[in-house]
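Structure first, commentary second.
Counting starts at 1 for both ligands and their atoms, following the listed order.
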Amino acid sequence: MNETIRTIQNHRSIRSFLDKEVDDVIIDEILRAAQSMPNSINGQQSSVIVIKDKETKAKIAQLAGGQKWVEDAPVFLLFVLDFIKPVLRLRKTG
Ligand SMILES: Cc1cc2nc3c(=O)[nH]c(=O)nc-3n(C[C@H](O)[C@H](O)[C@H](O)COP(=O)(O)O)c2cc1C
């Protein structure tokens, strides 16, 4: 079995976080990996908002139906999918 398949099959979600900052180098690495994911018509439809502010995380946790772990995580990555973005870009460039 290759390493990628093994990693996927061994995946476990853990929603309990240490009260410890996540280094920006690690966050950049995750964002670069996200940018490398496949997408439709090279439209780059997803944007990622990096949220560290406790109050903002608390609001999102509440809006998501009381998901306390969103507030507790030292950093929360909000993925926004926008399928209109590539259409607007095409219109601009003709
Ligand atoms: C369609 C879909 C919706 C999801 N919604 C939530 C959610 O609302 N809250 C959550 O904690 N995980 C949700 N998950 C699971 C997350 O993708 C993820 O597994 C989890 O946040 C923990 O991250 P980790 O698996 O990288 O440890 C969802 C997954 C899918 C596929």
Side-chain angles (χ1 to χ4, degrees):
M1 186 188 300
N2 79 37
E3 199 190 329
T4 306
I5 302 286
R6 202 184 347 265
T7 301
I8 292 169
Q9 289 191 349
N10 287 334
H11 172 260
R12 300 288 179 276
S13 295
I14 296 170
R15 292 177 177 82
S16 164
F17 305 97
L18 300 175
D19 187 16
K20 196 175 144 196
E21 285 247 337
V22 178
D23 200 314
D24 282 341
V25 172
I26 295 173
I27 296 173
D28 284 349
E29 209 171 282
I30 293 168
L31 296 178
R32 272 201 303 276
Q35 268 181 332
S36 303
M37 294 296 284
N39 64 86
S40 169
I41 59 162
N42 194 27
Q44 301 288 327
Q45 290 90 348
S46 59
S47 305
V48 188
I49 304 172
V50 178
I51 303 166
K52 295 182 179 175
D53 179 67
K54 182 114 180 109
E55 215 173 286
T56 307
K57 284 185 292 164
K59 275 186 199 157
I60 294 170
Q62 190 195 355
L63 287 169
Q67 301 195 35
K68 179 86 171 76
W69 51 92
V70 171
E71 181 180 348
D72 294 343
V75 57
F76 183 71
L77 303 184
L78 182 63
F79 285 72
V80 181
L81 298 183
D82 182 356
F83 288 92
I84 300 299
K85 194 163 80 175
V87 178
L88 293 177
R89 198 173 49 212
L90 275 178
R91 276 202 195 138
K92 247 191 212 166
T93 55

Could you check atom 21 (O) of ligand 1 against the protein and tell me its nearest heavy-atom contact, residue, atom and distance included?
R15 NH2, 3.9 Å
So which heavy atom in the protein is nearest atom 24 (P) of ligand 1, and how far is it from that ligand atom?
H11 NE2, 3.5 Å
Quick check: does any side chain N or O of D53 sit under 3.5 Å from a backbone N or O of T56, one acting as donor and the other as acceptor?
yes
Strictly distance-based, threshold 3.5 Å: is any side-chain N or O of K57 a donor or acceptor partner for the main-chain N or O of A73?
yes
Counting from 1, what ligand 1 atoms have a heavy atom of S13 closer than 4.0 Å?
19 (O), 22 (C), 24 (P), 25 (O), 27 (O)
I need the atoms of ligand 1 closer than 4.0 Å to a non-hydrogen atom of Q67, numbered in the order shown.
7 (C), 8 (O), 9 (N), 10 (C), 11 (O)
With a 4.5 Å cut-off on side-chain heavy-atom distances among I, L, V, M, F, W and Y, is there a chain of contacts connecting F17 to F76?
yes
Any chain of hydrophobic side-chain contacts (each under 4.5 Å) joining W69 to F79?
no
Nearest protein heavy atom to [atom]: under 4.0 Å?
atom	answer
atom 31 (C) of ligand 1	no
atom 4 (C) of ligand 1	no
atom 17 (O) of ligand 1	no
atom 7 (C) of ligand 1	yes
atom 10 (C) of ligand 1	yes

Please round to the nearest 0.5 Å and tell me the distance separating atom CG of L31 and atom OG of S47.
11.0 Å
Supply the atom-to-atom distance K59 NZ to I51 CD1, rounded to the nearest 0.5 angstrom.
11.0 Å
Does K68 form a salt bridge (Lys or Arg N to Asp or Glu O under 4.0 Å) with D72? I'd like the steps, not just the answer.
CA-CA 6 Å; K68 179 86 171 76; D72 294 343; 2.9 Å; yes
